[in-house]
Amino acid sequence: MPRPIEALVHRAALAHNLEVARRRAGDARVWAVVKANAYGHGIERAFPGLQHADGFALLDLAEAERVRALGWRGPVLLLEGCFEPRDLELCSRLDLWHAVHCSEQIDWLAMHKTHVPQRVFLKMNSGMNRLGFTPAAYRAAYARLAALPQVAEVSLMTHFSDADGPRGVAHQLAVFDETTADLAGERSLSNSAAILRHGQALGTRNDWVRAGILCYGSAPDFPERGIADWDLRPTMTLQTRLIGTQTLAAGDSVGYGSRFTAERAMRIGIAACGYADGYPRHCGSGTPVLVDGRRSGTVGRVSMDMLAVDLSDLPAAGIGSTVTLWGQGPGGAVLPIDEVAQAAGTIGYELMCAVAPRVAMHADGD
Ligand SMILES: Cc1ncc(COP(=O)(O)O)c(C=O)c1O
């Protein structure tokens with residue numbers, strides 16, 4: 001029998017979360033962002049849940065091929081565009097739209113031999129300072145692209161650095177508006193945090209929004225707000241079982257480094273999940289878990305293949321009990337991935353992308 005750990009992908013929850021994005025996006029069309037193998041869910045597993053999106057946005061050409069292989073004929077956007085000139089051939093063959101963020105990418109397009117002009121999203125660096133043309137260079141890049149026979153349509157995009165936090169989007173929005181006011185073309189500005197938090201400020205500026213993390217049931221602005229506040233549902237459950245129990249006396253310690261010492265007699269369970277499964281080692285004692293759907297916490301250090309959980313208030317729990325590390329537990333209980341991420345000093349994005357290959361992952365219903 002394999003180790004009892006598994007990850008489940010919930011397609012109905014993906015579809016629900018996508019609907020939340022759609023409601024918040026007004027008239028804008030919605031890209032489901034499926035980069036990083038659909039944020040660790042698996043593109044093929046997630047696709048049926050996201051198939052009502054207006055398009056799919058991603059980074060890797062190989063992932064774009066997988067989306068096309070699933071039969072998707074609609075828009076596919078490469079968020080970072082091409083990495084080298086020959087990528088443009090695949091863009092032509094697979095009918096991919098692509099971001100253009102630097103002058104080298106325009107040079108490649110100008111040399112590209114094609115009879116089918118391509119659609120590009122010209123990216124502005126409006127303050128994130130990651131990818132994109134500065135406002136000062138943006139209009140010249142736009143003019144260059146618009147004049148190329150290889151280009152069918154130029155759309156405008158930018159990316160917010162602080163849509164999830166106190167700084168907000170106003171400073172970048174002002175830069176974007178000032179630079180693009182009289183430029184023709186569809187616009188794409190919002191990521192999940194902007195979709196959820198800044199709908200009013202953005203008004204009708206977006207023709208396309210880029211919904212990533214919200215589709216996957218994590219709140220971009222946790223802990224200020226959680227998934228329940230945004231009506232989002234967990235799309236991935238990491239679950240395992242107890243494979244052992246121990247009864248501790250006061251003063252007994254647990255695990256490597258004796259990081260937890262029992263203050264009184266207590267029972268603990270040993271769950272088949274460790275950092276080699278993608279569970280973060282940095283989670284300290286008290287990180288929330290569900291045991292048979294009831295909330296408890298970890299005790300001691302997470303080891304490679306095991307972690308310990310407190311069974312003090314769970315006398316019925318024992319070997320075989322279900323342990324939910326994050327996601328949907330038995331009886332409708334929910335443990336948002338954001339709570340575990342916070343205990344590990346990270347964000348839900350990282351945990352869902354890092355489930356280890358040795359963990360069997362399947363969609364519920366499959
Ligand atoms: C350009 C761009 N758009 C959209 C997204 C989606 O962001 P989120 O998952 O926060 O919605 C990302 C993710 O990093 C991105 O790089």
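Atoms within each ligand, like the ligands themselves, are counted from 1 in listed order.
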Just the distances, no angles: every ligand 1 N or O to protein N or O pair closer than 3.5 Å, one line each.
from, atom 1, to, atom 2, distance (Å)
ligand 1, 3 (N), R210, NE, 2.7
ligand 1, 9 (O), Y39, OH, 2.6
ligand 1, 9 (O), I213, N, 2.8
ligand 1, 10 (O), Y349, OH, 2.6
ligand 1, 11 (O), S192, N, 2.8
ligand 1, 11 (O), S192, OG, 2.5
ligand 1, 11 (O), G212, N, 3.0
ligand 1, 11 (O), I213, N, 3.4
ligand 1, 14 (O), K35, NZ, 2.9
ligand 1, 16 (O), R130, NH2, 3.2

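By the side chain to side chain contact (heavy atoms under 4.5 Å, CB included) test, D229 pairs with R225, sequence neighbours left out. Applying the side chain to side chain donor-acceptor pair (under 3.5 Å) rule to N129 yields the partners N125; only residues at least two apart in sequence or on another chain are considered. By the ring-ring contact (aromatic ring centres under 6.0 Å, His included) test, F47 is found to be paired with F56, residues two or more places apart in sequence or in another chain being considered.
Classification of the W326-Y279 ring pair by plane angle, with boundaries at 30° and 60°, yields parallel.
F133 has its ring centre no less than 6.0 Å from the ring centre of H101.
When only modelled atom types and interatomic distance are considered, Q172 and S161 share a side-chain donor-acceptor pair under 3.5 Å.
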